[in-house]
Number of protein chains: 2
Amino acid sequence: MSPRRRATQVDIARAAGVSQATVSLVISGGHGSEQVAEHTRTAVLDAATRLGYSVNTAARSLKGGRNHILGLYTFESVFPTDQRDFYYPFLLGVERATAEVGYDLLLFSSVTPGPRRIYSDGINRLKVADGCVLLGRQVDHADIAELVRDDFPFVFVGRRELPGVELSYVAPDYGTATRDLVLRLTGLGHRRLAYLRPDDDQEPTRDREAGFRAGVADAGLPDQPVHVLPVGSSPPVDQVLDLLSEPLTTLLTTWRSDGVTALLVDPGENDRTIAVLEQVAVRAGVRIPEDLSVVLLGEPSPPPSARGADAELVSTRDWTRFTLPREGLGRAAVHLLLDLLDDDGPARQLTVPCLPVEGDTVCPPPVGAGA
Amino acid sequence: MSPRRRATQVDIARAAGVSQATVSLVISGGHGSEQVAEHTRTAVLDAATRLGYSVNTAARSLKGGRNHILGLYTFESVFPTDQRDFYYPFLLGVERATAEVGYDLLLFSSVTPGPRRIYSDGINRLKVADGCVLLGRQVDHADIAELVRDDFPFVFVGRRELPGVELSYVAPDYGTATRDLVLRLTGLGHRRLAYLRPDDDQEPTRDREAGFRAGVADAGLPDQPVHVLPVGSSPPVDQVLDLLSEPLTTLLTTWRSDGVTALLVDPGENDRTIAVLEQVAVRAGVRIPEDLSVVLLGEPSPPPSARGADAELVSTRDWTRFTLPREGLGRAAVHLLLDLLDDDGPARQLTVPCLPVEGDTVCPPPVGAGA
DNA sequence: ACCGGGCCCTAATTCACATTAACTAACGGC
DNA sequence: GCCGTTAGTTAATGTGAATTAGGGCCCGGT
């Protein structure tokens with residue numbers, strides 16, 4: 001057991017016959033090393049190599065105030081088994097971007113499970129990181145307010161708003177993506193569109209609707225009908241079918257008589273709507289896309305495989321839609337966080353484009369329709 | 001902008017009217033805080049909460065204290081996309097166990113793989129964690145040696161050996177799992193077994209063979225033939241078929257004439273062997289399991305879906321086998337690491353049982369055979 | 001010679017915390 | 001009243017690296 005201490009700058013200094021400060025200048029590179037004579041420089045580097053030196057980042061951070069650690073805190077479990085496919089790309093993006101900028105990623109798991117609280121024992125674990133990316137739906141508002149009060153740098157993935165405070169976040173650009181889909185439809189000749197959205201007042205819902213109206217305006221069409229479904233963004237799964245079947249059937253009839261040839265559906269946080277629509281359309285004899293082009297403003301989830309009891313309410317069609325740039329959001333969050341760390345400015349927001357997916361639920365309008 | 005410093009223990013001390021040392025005693029918890037009067041204690045905690053204090057991990061680890069952070073270092077990318085399904089359970093296990101013991105998990109992504117440069121923030125970034133779980137195949141021996149030299153506590157997932165040093169690791173109990181499969185076969189009536197292993201000298205390979213011999217002995221059978229294939233554990237994928245077809249065909253003939261009714265296959269790190277065996281058996285008219293029961297001493301990978309060019313060399317059969325307890329290994333690694341932290345003893349090793357999987361490649365021996 | 005500058009380098013300080021020896025006050029046993 | 005004991009607290013020290021304020025030293029100009 002030789003408790004051989006690891007080499008420090010002092011050791012190198014002794015070996016090279018210089019002072020620790022000089023070693024620091026050489027090792028730290030760029031700024032200081034230009035002021036060091038070449039032969040001293042090589043002598044130091046030589047000794048360093050010989051002694052197997054490497055920087056003690058703890059000491060470096062102590063002086064510099066940075067830990068070079070970014071935190072990732074999720075309000076649900078960090079590696080959720082059941083939502084694995086949903087969260088994984090976020091994690092991937094965050095991890096990769098973190099690595100690229102030379103930081104390490106600290107997963108906050110020690111915080112008790114259940115409703116996750118940041119400030120459980122009064123002392124804030126998050127601060128061991130230089131800044132933090134926050135993920136998850138069920139946000140504890142009190143915690144966030146506390147973080148803001150503490151001036152702790154953090155960035156949300158997904159748009160988050162809190163009355164009275166400015167939060168930093170990265171969010172998908174639902175508006176532009178929706179607008180682009182509208183233009184795609186009008187480009188195909190559709191002149192009468194309908195828009196379907198859940199009954200909530202969340203930002204993503206508003207963004208998409210705004211994008212819809214913008215697209216309609218850009219295409220030079222008059223205002224198009226917007227229909228609000230009597231469900232919030234996350235209704236109980238087992239009631240969705242009952243809740244939506246009748247209203248959707250009615251709407252389909254209305255649209256047909258009104259000459260609507262294309263429909264845009266905001267799935268909310270709940271992708272069952274589109275599945276119900278599919279069922280209802282079949283029953284009503286409306287063919288998609290021959291009679292009615294349909295685009296989905298988001299992604300059906302779970303993406304690939306449906307299992308168990310839900311199977312009947314999972315759509316198998318390849319909807320024309322757009323996907324959340326989930327890895328991109330993770331990456332963007334990291335970069336935004338770094339900006340925050342450097343500038344120490346006010347909260348800021350960033351949007352990331354959504355990628356269109358060419359499905360098979362869109363085609364030109366039926367001849368003679370929508371004149 | 002106010003460059004508001006983060007609150008330090010000195011700030012708290014001033015606010016609470018005590019010394020910094022007292023604050024440290026209170027904050028660090030258990031050991032010292034019993035020697036602090038209750039009212040002092042609460043005053044300190046109060047001030048800490050009020051000032052939004054949190055410990056500076058850099059300072060703490062500089063001095064050698066505990067951070068309640070465990071590190072996870074992988075010699076490949078932490079969230080590898082292509083090996084995602086393989087590594088995920090390990091991560092899950094590590095993360096969950098870490099959370100359960102009240103630690104946070106630090107993913108070391110900043111450390112660049114490849115040729116290690118001394119003056120980049122090298123391996124000793126690990127030190128910001130109290131200890132570290134190491135994962136991955138392509139281990140850099142120099143790094144490990146360095147860690148050992150530093151007396152840094154770490155645990156490998158998977159058996160790792162380095163000449164001259166004792167490493168701590170958790171490993172699947174291949175031996176017992178193999179023995180159990182042998183007993184399973186003899187229990188069905190098989191009396192003449194054959195064993196197939198790759199041509200390497202790795203520990204897992206040895207373990208499995210030892211388990212085989214133990215099982216054979218336990219069953220009261222004489223020594224059974226062991227055949228070594230002329231490939232190491234990771235031959236080039238595109239050559240496996242060529243390399244193995246002929247020898248396997250020969251072996252099949254030999255076994256048939258020798259009355260062998262069951263075969264145990266050590267897949268090595270390369271699951272193609274079993275795929276080749278399957279092809280060859282079909283071509284030789286040997287039915288599995290009617291003519292020959294086959295068990296796989298490990299898992300075929302990639303588990304569920306085969307894609308691309310490899311598809312022809314991926315077996316689709318549901319082999320009777322055992323699976324690596326991957327989440328369990330992750331968990332065990334964390335617990336072993338904690339033991340190491342507490343005891344500071346010598347390196348230690350731990351094995352975790354493998355779970356048997358009932359496939360459809362085993363049945364009783366053909367009547368009249370193996371008498 | 002003397003002064004003024006660069007140029008290289010060093011001594012000293014700082015960072016936030018943990019640890020430890022030492023100190024104080026209060027209390028009792030004798 | 002002296003010493004010992006114990007609980008509670010403090011002053012001092014160590015940790016590795018970065019930074020800053022200089023201090024020699026050499027050299028050219030005057």
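Letters go in sequence order (proteins before strands), and every chain restarts at 1.
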**Residues forming a side chain to side chain donor-acceptor pair (under 3.5 Å) with B:Gln20, sequence neighbours excluded** =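 Residues passing side chain to side chain donor-acceptor pair (under 3.5 Å) with B:Gln20: B:Gln9.
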When the distance from [atom1] of [X] to [atom2] of [N] is rounded to whole Å, what number comes out?
X       : N      : atom1 : atom2 : value
B:Gln9  : D:dA11 : CD    : C1'   : 15 Å
B:His68 : C:dA18 : NE2   : P     : 11 Å
A:Leu62 : D:dG14 : CG    : P     : 17 Å
A:Leu51 : D:dG16 : CG    : C1'   : 15 Å
A:Lys63 : C:dC17 : NZ    : P     : 15 Å
A:Asn56 : D:dA17 : CG    : C1'   : 8 Å

**Prompt:** Looking at B:Arg60, does any N or O in its side chain come under 4.0 Å of the phosphate oxygens OP1/OP2 on C:dC17?
**Reply:**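 Answer is no, no contact under 4.0 Å.
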**Asked** Does A:Ser24 have a side-chain nitrogen or oxygen under 4.0 Å from the phosphate oxygens OP1 or OP2 of D:dA18?
**Response**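 Yes, A:Ser24 has a side-chain N/O under 4.0 Å of OP1/OP2 on D:dA18.
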**Nearest-0.5 Å distance, CG of residue B:Leu105 to OG1 of residue B:Thr98** =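 These two atoms lie 4.5 Å from each other.
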**Request:** With rounding to the nearest 0.5 Å, note down the distance linking CG in B:Leu337 to CZ in B:Phe156.
**Result:**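 CZ of B:Phe156 is found 12.5 Å from CG of B:Leu337.
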**Request:** Compare all side-chain heavy atoms of A:Phe154 with those of A:Val148 and state whether any distance is below 4.5 angstrom.
**Result:**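 Side-chain contact under 4.5 Å: yes.
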**Message:** Suppose we screen for salt bridge (Lys or Arg N to Asp or Glu O under 4.0 Å). Which residues come up paired with B:Glu203, at least two apart in sequence or across chains?
**Reply:**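 For B:Glu203, the residues satisfying salt bridge (Lys or Arg N to Asp or Glu O under 4.0 Å) (neighbours in sequence not counted) are B:Arg159, B:Arg206.
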**Item:** salt bridge (Lys or Arg N to Asp or Glu O under 4.0 Å) involving A:Arg160 - partner list, sequence neighbours excluded
**Value:**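 Counting only residues at least two positions away or on another chain, A:Arg160 forms no salt bridge (Lys or Arg N to Asp or Glu O under 4.0 Å).
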**Asked** Sub-3.5 Å donor-acceptor pair from the side chain of A:Asn67 to the main-chain atoms of A:Asp130, do we have one?
**Response**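 Not a single qualifying donor-acceptor pair exists.
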**Asked** Between the two end axes of the helix from C:dA1-D:dT30 to C:dC30-D:dG1, each built from 5 base pairs, what angle do you get to the nearest 10°?
**Response**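 Its terminal axes enclose an angle near 70°.
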**Request:** Any chance you could list the contact pattern along nucleotides 4-11 of chain C? Use B for base contacts, S for sugar-phosphate-only contacts and - for none, protein heavy atoms under 4.0 Å, 5' to 3'.
**Result:** ----SSBB
**Item:** Residues A:Arg331 and A:Glu327 bridged, charged N to O under 4.0 Å
**Value:**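 Salt bridge flag = yes for A:Glu327 with A:Arg331.
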**Request:** Quick one: list whatever passes ring-ring contact (aromatic ring centres under 6.0 Å, His included) with B:Phe90, sequence neighbours left out.
**Result:**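 Per chain and number, B:Phe90 pairs via ring-ring contact (aromatic ring centres under 6.0 Å, His included) with B:Phe86.
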